[in-house]
A.B. asks: 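This is the structure I want to talk about, given as structure tokens.
Keep in mind that what you see is a predicted model, and the values were worked out from it rather than measured.
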Amino acid sequence: MIEFIDKALHGELDSDRHIISIFAMALASRGKTYVELGVREGHTTEPLYKAAELNNGHLWSVDINEPSEYIPNNGNYTFVKRDSIKFLE
């Protein structure tokens with residue numbers, strides 16, 4: 001959580017200011033299945049993944065390109081290399 005606070009206060013990326021909100025909403029949902037459409041580097045993947053992990057859930061991340069920075073490596077995460085619209089069809 002300290003890392004999320006630091007990113008929210010000092011991060012320069014477009015999603016950094018929203019990272020705590022993303023984590024809080026995902027965690028409070030008590031979801032078992034999370035779907036992230038559009039991953040880019042994986043910056044929003046981290047709070048979604050941490051919430052899924054704490055809720056004993058699973059995060060599905062979908063993008064046409066593989067994430068370049070944050071990639072979880074366990075059974076609570078699946079990356080699908082595919083166009084998001086085609087994934088939803």
Side-chain angles (χ1 to χ4, degrees):
M1 192 65 189
I2 297 297
E3 185 177 329
F4 292 164
I5 292 169
D6 185 57
K7 284 182 183 180
L9 292 174
H10 307 291
E12 297 180 9
L13 302 172
D14 58 350
S15 61
D16 286 342
R17 291 185 303 170
H18 310 288
I19 200 162
I20 293 173
S21 298
I22 293 167
F23 173 72
M25 287 187 289
L27 183 65
S29 75
R30 298 183 183 155
K32 296 298 178 196
T33 302
Y34 299 82
V35 179
E36 176 186 30
L37 302 175
V39 178
R40 293 187 358 196
E41 295 86 10
H43 297 287
T44 56
T45 303
E46 187 174 10
L48 292 171
Y49 166 73
K50 293 294 185 187
E53 186 178 45
L54 289 169
N55 283 323
N56 295 313
H58 191 90
L59 171 61
W60 293 80
S61 294
V62 183
D63 203 321
I64 56 175
N65 298 309
E66 293 188 26
S68 58
E69 294 182 28
Y70 184 80
I71 305 169
N73 187 19
N74 75 20
N76 295 76
Y77 179 77
T78 300
F79 176 78
V80 179
K81 187 173 182 178
R82 188 168 183 198
D83 181 271
S84 297
I85 300 300
K86 294 188 185 305
F87 176 80
L88 293 172
E89 291 177 338

A.B. asks: Does atom NZ of Lys86 have more than 12 heavy-atom neighbours, drawn from other residues, nucleotides or ligands, at distances under 6.0 Å?
C.D. replies: no

A.B. asks: Run the side-chain contact (heavy atoms from CB on, under 4.5 Å) test on Glu53 and Asn74 for me, step by step, so that the C-alpha distance in whole Å, both residues' side-chain angles and the decisive distance to 0.1 Å come before the verdict.
C.D. replies: CA-CA 10 Å; Glu53 186 178 45; Asn74 75 20; 3.7 Å; yes

A.B. asks: Applying the 4.5 Å side-chain criterion to the ILVMFWY set and letting contacts propagate, would Ile71 and Leu48 be lumped into a single cluster?
C.D. replies: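 Yes, one cluster joins them.
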
A.B. asks: Verify the cluster assignment for Phe23 and Ile5: are they in a single hydrophobic cluster under the rule of side-chain heavy atoms below 4.5 Å apart?
C.D. replies: yes

A.B. asks: Which heavy-atom pair separates Ala52 from Asn76 by the least distance, and what is that distance?
C.D. replies: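 Closest heavy-atom pair between Ala52 and Asn76: O-ND2, 4.3 Å.
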
A.B. asks: For the residue pair Glu36 and Ile22, establish whether any side-chain heavy-atom pair is separated by less than 4.5 Å.
C.D. replies: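 Contact flag for Glu36/Ile22 side chains = no.
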
A.B. asks: Can you check whether Leu27's main-chain N or O pairs, donor with acceptor, with Asn55's side chain at less than 3.5 Å?
C.D. replies: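 At least one qualifying donor-acceptor pair exists.
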
A.B. asks: Work out which heavy atom in Tyr77 is nearest to a heavy atom in Ser61; give both atom names and the distance.
C.D. replies: CE1-OG, 3.2 Å

A.B. asks: Could you measure the distance from the CD1 atom of Ile64 to the CZ atom of Arg82? Nearest 0.5 Å is fine.
C.D. replies: 13.0 Å

A.B. asks: Which heavy atom in Phe79 sits nearest to a heavy atom in Pro67, and how many Å separate them?
C.D. replies: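 Minimum heavy-atom contact is CE1-CD, 3.4 Å.
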
A.B. asks: Taking His58 for the side chain and Gly75 for the main chain, is one N or O donor matched with an acceptor at less than 3.5 Å?
C.D. replies: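 Checking the backbone N and O of Gly75 against the side chain of His58, a donor-acceptor pair under 3.5 Å is found.
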
A.B. asks: Please check if Trp60 and Ile85 belong to a single hydrophobic cluster, counting links between Ile, Leu, Val, Met, Phe, Trp and Tyr side chain heavy atoms closer than 4.5 Å.
C.D. replies: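 Different clusters.
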
A.B. asks: If two hydrophobic side chains count as joined below 4.5 Å and joins carry through other members, does Leu54 share a cluster with Tyr34?
C.D. replies: no

A.B. asks: For residues Val35 and Leu59, report the shortest heavy-atom separation together with the two atoms involved.
C.D. replies: N-CD1, 4.4 Å

A.B. asks: For Ile19 versus His43, what's the shortest heavy-atom pair and its separation?
C.D. replies: CD1-O, 4.1 Å

A.B. asks: Of all the heavy-atom pairs spanning Ala8 and Ile20, show the shortest one and how long it is.
C.D. replies: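 In this case the closest contact between Ala8 and Ile20 is CB-CD1, 3.8 Å.
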
A.B. asks: Looking at Lys50 and Glu46, is any side-chain nitrogen of the basic one under 4.0 Å from a carboxylate oxygen of the acidic one?
C.D. replies: no

